[in-house]
Amino acid sequence: MATASKQYKAIGEDLWKGRTEKINAELFALTYGALVVQLIQDYEDYAEVNKHLEKMGFNIGTRLIEDFLARSSLGRCSDFREVGEVVAKVGFKSFLNITPGVTHTAPASRPNSVSQQSSVPSSSFILTLDENPLAEFVELPDEALEGGLWFSNVGALEMVQMQVQAEFLSDVLRGDESTEIRVTLLKYLEEEVPIGDD
């Protein structure tokens, strides 16, 4: 696994270096921050803001996965453990130029048949970000912390036939040492053929 991990790290580095269209990290962070502030002003309810951030994060994640699949030439991951390695070492590196630590918290295996999907073991991994580019210039007021605002929400593994739950365990914006996100596999999804494409 160590060899595969090094290969993924090298792939992520190559994708980052070869990426021609880059945006200034500070501009990206400030634009995202302005968007969050606007949502807070529009909805005045942190739970509602979180819903919108999650929906926007899903849409952003969908586009990122499309781009990732087109540029990386990586095949399907063999199990959820490998998904964690690819997300951390290739995905984050190629888009944000960071490589979070990844900790696997349960045995992972891909079910062979649809009937086994209901008994998918509770596989998960934790991504540990020492730095979060989205939170670079952010300081959450006490009201936002107490209201339950979660500032960074991006993800869409459904694009690769996995339904997951992502939850923040810690966040530097809440005074923690690092930002930790647990990603738990709920189930593998069936590939659907669009109507008329059979």
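Please read these numbers as outputs of a predicted model, since none were measured by experiment.
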Exercise. Do Leu53 and Leu149 come close enough that some side-chain heavy atom pair is under 4.5 Å?
Worked result: yes

Exercise. Does any donor atom in the side chain of Ser124 or Thr105 lie under 3.5 Å from an acceptor atom in the other side chain?
Worked result: yes

Problem set entry | NZ/NE/NH1/NH2 to OD/OE distance under 4.0 Å, Asp67 and Arg71 | yes

For this session: Under the ring pair (Phe, Tyr, Trp, His ring centres under 6.0 Å) rule, collect the residues that match up with Phe92, sequence neighbours excluded.
Result: none

Exercise. Do side-chain atoms of Tyr8 reach the backbone of Gly91 as a donor and acceptor pair under 3.5 angstrom?
Worked result: no

Problem set entry | Gap separating the CG atom of Leu157 from the CG atom of Leu185, nearest 0.5 angstrom | 9.0 Å

Exercise. Which distance, rounded to the nearest 0.5 Å, do you find between the CD of Gln7 and the CD of Glu85?
Worked result: 12.0 Å

Problem set entry | Point-to-point distance, once rounded to the nearest 0.5 Å, from OG of Ser178 to CG of Leu129 | 8.0 Å

For this session: Using a 4.5 Å cut-off on heavy atoms from C-beta on, say whether the side chain of Phe125 contacts that of Thr184.
Result: no

For this session: Taking the side chain as every heavy atom from C-beta outward, state whether Glu158 and Phe58 have any pair of such atoms under 4.5 Å apart.
Result: yes

Exercise. Tell me the side-chain hydrogen bond (donor to acceptor under 3.5 Å, both in side chains) pairs involving residues 163-176, sequence neighbours left out?
Worked result: Glu167-Arg182, Asp171-Thr179

Exercise. In Å and rounded to the nearest 0.5 Å, what is the OG1 to CG distance from Thr99 to Leu127?
Worked result: 11.0 Å

Problem set entry | Any Ile98 side-chain heavy atom under 4.5 Å of Asp130 side chain | no

For this session: Examine Leu30 and Met56 and state if one hydrophobic cluster contains both, with Ile, Leu, Val, Met, Phe, Trp and Tyr joined whenever side-chain heavy atoms are less than 4.5 Å apart.
Result: no

Problem set entry | Linked hydrophobic residues, Ile126 as query - side chain contacts closer than 4.5 Å | Leu169

Exercise. Are the side chains of Val87 and Val183 in touch, meaning some heavy atoms are under 4.5 Å apart?
Worked result: no

Sequence neighbours excluded and cut-off under 3.5 Å, please list the side-chain donor-acceptor pairs for residues 131-148, or say none.
unit_1	atom_1	unit_2	atom_2	d
Asn132	OD1	Leu134	N	3.0
Asn132	ND2	Ser152	OG	2.9
Glu143	OE2	Tyr46	OH	3.0

Exercise. Does a side-chain heavy-atom distance below 4.5 Å link Phe151 with Val172?
Worked result: no

Exercise. Given Val86 and Phe68, is the side-chain contact (heavy atoms from CB on, under 4.5 Å) satisfied, shown in steps?
Worked result: CA-CA 11 Å; Val86 170; Phe68 173 81; 3.6 Å; yes

For this session: Could you tell me the separation between the CE atom of Met159 and the CG atom of Leu189, rounded to the nearest 0.5 Å?
Result: 11.5 Å

Problem set entry | Partner residues of Gln41 under the side-chain contact (heavy atoms from CB on, under 4.5 Å) criterion, sequence neighbours left out | Val37, Gln38

Problem set entry | Which atom of Glu82 lies closest to which atom of Asp79, heavy atoms considered | N-OD1, 2.8 Å

For this session: List for me each residue that meets ring pair (Phe, Tyr, Trp, His ring centres under 6.0 Å) alongside Tyr43, sequence neighbours excluded, and say none if there are none.
Result: His52

For this session: Find out whether Glu54 and Asn50 are in side-chain contact, i.e. whether some heavy atom of one side chain is under 4.5 Å from a heavy atom of the other.
Result: no

Problem set entry | Side-chain H-bond candidate by donor/acceptor type, Lys93 with Asn97, under 3.5 Å | yes

Problem set entry | Straight-line distance of Gln161 CD to Arg76 CZ, nearest 0.5 Å | 5.5 Å

Problem set entry | Evaluation steps, side-chain contact (heavy atoms from CB on, under 4.5 Å), between Lys89 and Val102 | CA-CA 9 Å; Lys89 295 183 173 68; Val102 60; 3.7 Å; yes

For this session: Establish whether Leu35 and Phe28 are linked, either directly or via other cluster members, by ILVMFWY side-chain heavy-atom contacts under 4.5 Å.
Result: yes

Exercise. Quick check: are there more than 12 heavy atoms from other residues, nucleotides or ligands sitting under 6.0 Å from CZ of Phe168?
Worked result: yes

